[in-house]
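This report concerns only the one structure given below.
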Amino acid sequence: MNTDKYLIERINNECKGMKENINIMEVCGTHTDSIYKNGIKELINSKINLISGPGCPTCVTDNSYIENAKYLLENNVNIISFGDISRVTSNGESILNYKNKKGKVYIVYNPYDSIKIVQNNPNKAFVFLAIGFETTAPIIAYIIKETYERNIKNLYFLCSIKLMPPIISYILNSSNNIHGIICPGNVSVITGYNYFNFIYDKYKTPAVVSGFKSKEILLGIYYLVKVIRNDSSYKFINLYDYVKKCGNLKCITIIKEVFEKGKGNWRGIGQIEKSALNINKKYCELDACKHFNLNYEYLEEKNHCLCNSIILGKALPYECKLFKSICNLNNPLGPCMVSNEGLCRIFCKYERG
Amino acid sequence: MKDFVESFVNMKGDSTLREDYINIVHGDGGKYTNNLIKEVFYKSYKNETLIQGEDAALINIENNKILNFTTDGFIIKPIFFKGGDIGKLSICGTINDLVVSGSIPKYISASFIIEEGFEIKSLIKIANSMKEVCDESNVQIVTGDTKVVEKGKIDGVFITTSGIGINYNFKEKRVIDKDAILIINTIGEHGTTVALDRFNIINEGNIKSDCASLTSLIPIIKKYKDNIKIMKDPTRGGVGQTLNEISNKHNIGMHLFEKYIPIKKWVLSINEMLGFDPLYLANEGNMIIICESSIAKHLRNDIKNQCGFNYCSIVGYATNKEKFVFIENDFGGKRILSELEEHLIPRIC
Amino acid sequence: MCIGVYGKINKIEYPNAIVDINGVSVLTNIELIEKPHKGDYVLIHAGFAIEKLDKKNSEEINKIIFKMFEESTKIN
């Protein structure tokens, strides 16, 4: 039996005779990619709208962050980055292609490589661009701790680690049109699925934690459609094997040891209280913001790009005038085109038109 | 062939060169490389033969003898990789360009540009790799050149090879609705092997480039030459880019099936980790063959049984229903395989 | 950046482990998970194992899924 086909059949059966739309939002870039890569949208009932929310950490980073990184480069500080963020343009120029840069840009897959890089270059200053959601937070915390304990004096961290509950709350507060939410899988691995209880408790919106394979996503969609249509007794469940109720205690502990909640800048929105993780007092000497005296006021991008609406699920890439004309895979303007998890890039890769 | 030429010159995408300077993306073998070739090289010295845009030019000499003539530059980093080195890569690359053009590779030239300080021991290793492939493929390196540049001006060694083959009257034909698309070997192995080196991940066991000469296929190609429409070696840009180029040139869509794409598990796993799509990674010992559907199964079986390419597979077919290349998974989900526009991994060949 | 892959621990060399992902060996930091053992399946993100597979947890989830389909069958 082909599990995916079976699930699609069950989903479509559940929707027979359905007159209203069902709007389901997912908030994880990997879910977005999997949905489009597997062509799921076209196979399920057209009244089910799968909406992509702010699940891409690069996409929700505002311009002040990029301008700060460029400022560092101009002042002979080297940057170590995951890659995506170094290609996002702000005021027309990205970190990677910044014309006034005096420092170098290093791209890593494993952030732990930063420690090797700085040890090989003890006389140069480095800043690691620590971008991510809760999934990446414990890893960054681990590296910050190690940097501190080994007394490494030339590595700092520019943190833009965002938290999911505040942004989900923001979306549910500003819209009553979301009928169900697929919660991010790997975030839940760290935090536990309890972390997302509020989606039903406060907003009465059904939610499910799903894995990333097509059949796991289809299972999540099936569950939500059932609950939304039949108002069954389940409201919030976890369907992802690696997720437990209370999450990974070691990860949660190390996050609390290094970070504290603070204001976060969200592209297209502005500042949201307690929506980001900042380095706490104990490790503050490693905070690039403090050490280099950086300004962290929210900065809007003014290039008529629709990323701001796209990341909140309010617009699709086709609706942006720059999509596939000036802003394309090789000359990306907005973060949604730069990032592997950005909707514009996903559309360019997998969708027609 | 004139309509093919025209459609190539009027290829989709902008034809104006926006940049004043060469960007690394101009070397990717995709849209930007093609635009650069058009705007600079064709504009300067185009002729009928050149603008066919073939990997190996078809040259008529006296008495109806047809030669294929090809050239390639190799700047790969790292120079030595699992499964080969820049020498092996350069000879295989040139031989395979001739094989897919329907000719028997005969003579190769090899020009070296070497960085001051490069180990002679390594150079000997490279030269021996080249000889090994030549011997296997019944090809000779008959001329060459050697230049040395100051330390720091290039990275180790660059090789340019040119090759001549004798064409056995193979002609590229128009691809039409229902023509079968074959891939002879598992995909993405060269690109993945080379990418790994940059990401500092330990690897062992099965990982290696598929770099190899394809001369063993010549007897089979000859047998089916009247039914084969087109052959390509999917190097830079991989299967995805190569199929797009064929789709654009022949103005026809392609429908592929994920379950028939031959790919090894290690390639899938590594690319999942790194976020790459193996359909766009380089292959250096692989071939795409588009042929009449009536002989597709026979061709596939002959390639498997007589040439030892056990993973040879019919992966899909050309279609009039759409104009683009797309792939279907095992539960009917479809996605487009768009033209490669971005800079995936630098210097993979 | 949620990208995660799954692999099996082949050998432990603190603070890392050699994890096998379909025939490829990857050096992975295991300090962020509890009691890793050889043979455990782990979820890897950016070079770190962030969780190991707990059979009991999987069984619980399978029960929920089973119940979900059972209920549907009854309603339909």
Side-chain angles (χ1 to χ4, degrees), chain A residues 6 10 13-14 28-31 33 55-58 82-84 108-113 131-133 135-136 138-143 146 184-187 189-190 209 211-212 219 222-223 226-227 230 232-234 237-245 247-251 254 339-341, chain C residues 1-9 12-19 21-22 24-37 40-76:
Chain A
Y6 176 68
R10 295 291 290 244
N13 266 341
E14 203 64 46
C28 170
T30 311
H31 277 147
D33 188 73
C56 156
T58 305
F82 279 127
D84 276 358
V108 296
Y109 156 75
N110 182 341
Y112 193 83
D113 289 344
I131 300 226
F133 289 122
T135 322
T136 319
I139 297 168
I140 307 290
Y142 179 93
I143 296 164
E146 181 135 341
N186 289 341
V187 167
V189 167
I190 306 294
V209 180
F212 301 100
L219 193 62
Y222 175 59
Y223 165 74
K226 246 170 50 77
V227 164
N230 303 318
S232 111
S233 58
Y234 285 126
I237 58 170
N238 167 44
L239 296 172
Y240 185 24
D241 281 358
Y242 282 91
V243 172
K244 301 186 183 115
K245 191 173 189 186
N248 180 329
L249 208 55
K250 260 191 161 180
C251 288
I254 202 172
S339 175
N340 250 338
E341 301 176 325
Chain C
M1 277 249 64
C2 245
I3 298 173
V5 288
Y6 314 95
K8 188 169 161 187
I9 296 181
I12 294 186
E13 294 172 354
Y14 272 106
N16 297 313
I18 298 182
V19 178
I21 304 174
N22 275 325
V24 182
S25 296
V26 178
L27 197 67
T28 305
N29 186 303
I30 47 167
E31 299 233 272
L32 292 176
I33 57 175
E34 295 279 5
K35 300 192 194 120
H37 296 118
D40 280 342
Y41 282 92
V42 289
L43 172 62
I44 303 168
H45 172 67
F48 283 72
I50 56 171
E51 190 55 282
K52 78 176 190 191
L53 194 62
D54 181 333
K55 278 195 182 142
K56 274 193 192 146
N57 198 37
S58 289
E59 279 162 14
E60 289 297 319
I61 292 171
N62 286 339
K63 279 186 195 154
I64 296 174
I65 297 174
F66 189 70
K67 208 171 174 191
M68 204 161 84
F69 283 102
E70 212 182 39
E71 265 187 18
S72 304
T73 326
K74 283 185 192 148
I75 290 172
N76 290 331

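In what follows, chains are A, B, ... by sequence order, proteins preceding strands, each numbered from 1. As the structure is a computational prediction, the values presented were derived from the model and not from experiment.
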If you round to the nearest 0.5 Å, how far is [atom2] of [Y] from [atom1] of [X]?
X: A/N110; Y: C/N29; atom1: CG; atom2: CG; result: 8.0 Å
X: C/N62; Y: A/L239; atom1: CG; atom2: CG; result: 10.0 Å
X: A/R10; Y: C/M68; atom1: CZ; atom2: CE; result: 8.5 Å
X: C/H45; Y: A/T30; atom1: NE2; atom2: OG1; result: 8.5 Å

Review point. C/L43 versus A/Y240: any side-chain heavy-atom pair under 4.5 Å?
Key: yes
Review point. Within a strict 4.5 Å, meaning less than it, do heavy atoms of the A/L219 and C/F69 side chains meet?
Key: yes
Exercise for review: Evaluate side-chain contact (heavy atoms from CB on, under 4.5 Å) for C/I50 paired with A/I139, printing each intermediate quantity in order.
Suggested key: CA-CA 9 Å; C/I50 56 171; A/I139 297 168; 4.3 Å; yes
Point to revise | Residue from A/I237, A/D241, A/V209 passing side-chain contact (heavy atoms from CB on, under 4.5 Å) with C/I61 | key: A/D241
Review point. Considering only heavy atoms, which portion of C/E59 lies under 4.5 Å from any heavy atom of chain A: side chain, backbone, both, or neither?
Key: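 Answer is neither: C/E59 stays 4.5 Å or more from chain A.
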Check your understanding: With only heavy atoms counted, which part of A/I254 is less than 4.5 Å from chain C, the side chain, the backbone, both or neither?
Key -> side chain
**Study point:** A/Y142 versus chain C, the contacting section by heavy-atom distance below 4.5 Å
**Key:** side chain
Study note, to complete from the structure: Looking only at A/D33, A/V243, A/N340, the option with the highest number of non-hydrogen pairs under 4.5 Å against chain C is A/V243
Check your understanding: Closest approach of A/P111 and C/A46, non-hydrogen atoms and distance?
Key -> CD-O, 3.6 Å
Practice item. Grab the two heavy atoms, one from A/K244 and one from C/K52, that are nearest each other, plus how far apart they are. Key: NZ-O, 4.4 Å
Check your understanding: Do the side chain of A/N248 and the main chain of C/I33 share a donor and acceptor less than 3.5 angstrom apart?
Key ->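 A pair under 3.5 Å: no.
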**Study point:** Aromatic ring proximity, centroids under 6.0 angstrom, A/F212 and C/Y6
**Key:**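 That pair fails the under 6.0 Å test.
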Exercise for review: Step by step, work out the side-chain contact (heavy atoms from CB on, under 4.5 Å) result for C/V42 and A/Y242.
Suggested key: CA-CA 9 Å; C/V42 289; A/Y242 282 91; 5.6 Å; no
